[in-house]
Protein chains: 2
Amino acid sequence: MTRKRFDDLGCSVACALNEVGDWWSLLVIKQAMLGTRRFVDFQSGLGIAKNILCDRLSRLVDNGVMTRVNVGEHGTRYEYRLTDKGRDLFAVVVALRQWSERWNGNRDDMQLVARATGEAIAPLVVQSADGEALTVRDVLFVDENGQPLERAG
Amino acid sequence: MTRKRFDDLGCSVACALNEVGDWWSLLVIKQAMLGTRRFVDFQSGLGIAKNILCDRLSRLVDNGVMTRVNVGEHGTRYEYRLTDKGRDLFAVVVALRQWSERWNGNRDDMQLVARATGEAIAPLVVQSADGEALTVRDVLFVDENGQPLERAG
DNA sequence: GGAAAAGGTTGCATCAAGAAACCAAATACA
DNA sequence: TGTATTTGGTTTCTTGATGCAACCTTTTCC
């Protein structure tokens with residue numbers, strides 16, 4: 001059967017997962033944030049099969065997350081770069097990193113620091129409009145009429 | 001071939017994706033954050049096949065993201081609830097929601113507001129230790145010795 | 001000009017996803 | 001109390017995705 005479409009579920013999260021929700025896409029994006037631009041570097045850096053990498057890169061390009069630019073002097077030699085839309089996934093990548101480090105321990109061989117200070121970046125916090133920290137218990141899902149739906153416990 | 005393992009890639013993001021990185025898991029978690037606890041409610045709320053839902057729920061339970069509690073009076077009637085680890089994925093879900101709304105428009109039929117004020121929550125911002133907003137260009141990936149790796153452009 | 005690298009494509013074997021049918025235990029209901 | 005329905009789940013089958021290896025064309029290096 002065809003893979004289920006997620007963009008008609010009436011949910012932004014589903015819509016996002018439709019674009020970057022598969023096993024490899026976010027890792028490709030993270031690798032791009034790390035500085036990788038060439039096909040072979042993505043391949044060796046991630047250990048991904050070439051046909052899968054082809055498929056993911058072109059899908060990311062189709063969705064406007066990355067662009068393919070021709071850098072060959074006499075023809076076809078490509079670089080894949082993040083667009084603004086792709087770079088804006090930084091918060092998602094950081095959120096996943098921090099969650100994994102908190103609950104699974106740091107299995108990472110690299111760390112993320114601020115360029116200016118060299119210090120580790122701060123934990124992401126969901127905040128209200130006036131700056132209060134919010135957990136999932138402090139929020140409400142409301143429909144378009146402002147009517148609240150049930151909430152997690 | 002067996003699906004590639006992501007937890008031995010030496011990357012926290014890969015490790016996180018190994019637990020919640022497939023198409024359905026994050027949607028199940030988001031649904032749980034919305035208040036859903038029963039098997040049938042997940043099923044009808046997401047339109048997911050029962051065998052897939054079974055598999056995802058038990059995998060999430062195995063990974064400590066959710067718990068299965070028996071609420072039957074004389075036997076087996078289950079509820080699936082988020083653990084602290086699961087609730088801590090809130091920032092990831094919010095990051096994905098906000099990204100999707102920014103770049104794909106709001107296709108959501110519901111909104112996320114602070115329970116106390118009723119106002120929409122603030123956009124997530126990656127910050128340095130002293131509170132400066134950071135983009136992907138403002139950070140450095142360093143290895144365990146503090147040596148910087150390349151970075152995105 | 002020759003060799004190697006870059007960027008794919010194709011074919012094949014295996015695994016997961018999706019739909020529907022089926023099932024046992026536990027409630028609801030008359 | 002007896003029956004119908006709900007709940008939670010398994011099984012079967014078909015289709016799609018994944019991983020690997022081989023091959024291929026253009027481009028760059030020397």
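This structure is a prediction, so every number in the text was calculated from the model and none was measured. In what follows, every chain begins at residue 1, and chains take the letters A, B, ... in the order their sequences are listed.
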Which residues pass the side-chain hydrogen bond (donor to acceptor under 3.5 Å, both in side chains) test with Arg38(A), not counting sequence neighbours?
none
Compute the bend angle of the helix from dG1(C)-dC30(D) to dA30(C)-dT1(D) from the end axes (five pairs per end), rounded to 10°.
30°
Rounded to whole Å, CG of Asp55(A) lies from P of dT18(D) at a distance of 7 Å
Extract from the structure each pairing of a protein N or O with an N or O of nucleotides 7-11 of chain C at less than 3.5 Å, listing the distance.
unit_1: dG7(C); atom_1: OP1; unit_2: Arg38(A); atom_2: NE; d: 3.4
unit_1: dG7(C); atom_1: OP1; unit_2: Tyr78(A); atom_2: N; d: 3.2
unit_1: dG7(C); atom_1: OP1; unit_2: Tyr78(A); atom_2: O; d: 2.7
unit_1: dG7(C); atom_1: OP2; unit_2: Phe39(A); atom_2: N; d: 3.3
unit_1: dG8(C); atom_1: OP1; unit_2: Arg68(A); atom_2: NH1; d: 2.3
unit_1: dG8(C); atom_1: OP2; unit_2: Tyr80(A); atom_2: OH; d: 2.3
unit_1: dG8(C); atom_1: N7; unit_2: Lys50(A); atom_2: NZ; d: 3.0
unit_1: dG8(C); atom_1: O6; unit_2: Lys50(A); atom_2: NZ; d: 2.4

Give the rounded distance in Å between these two atoms: CD of Gln43(B) and P of dT7(D).
10 Å
Residues that Thr83(B) engages under side-chain contact (heavy atoms from CB on, under 4.5 Å), provided they are two or more places apart
Thr67(B), Lys85(B)
Please state whether the phosphate of dG19(D), meaning OP1 or OP2, lies under 4.0 angstrom from any side-chain nitrogen or oxygen of Trp24(A).
yes
Measure the distance from CG on Asp22(A) to P on dA16(C) and round it to the nearest whole Å.
16 Å
Thr117(B) meets the side-chain hydrogen bond (donor to acceptor under 3.5 Å, both in side chains) criterion, sequence neighbours left out, with none
Only counting residues at least two apart or in another chain, list the ones meeting side-chain contact (heavy atoms from CB on, under 4.5 Å) with Gln31(B).
Thr36(B), Phe42(B), Leu46(B)
Are Arg37(A) and Tyr80(A) in a cation-pi setup, meaning NZ or CZ lies under 6.0 angstrom from the ring centre and within 45 degrees of the ring axis?
no
Which pairs count as salt bridge (Lys or Arg N to Asp or Glu O under 4.0 Å) when at least one residue sits in residues 116-132 of chain A, sequence neighbours excluded?
none
Check side-chain hydrogen bond (donor to acceptor under 3.5 Å, both in side chains) between Asp41(B) and all other residues, then give those that pass, not counting sequence neighbours.
none
Pairs in or reaching into residues 55-65 of chain A: which pass salt bridge (Lys or Arg N to Asp or Glu O under 4.0 Å), with residues at least two apart or in two chains?
Asp22(A)-Arg56(A), Asp55(A)-Arg59(A)
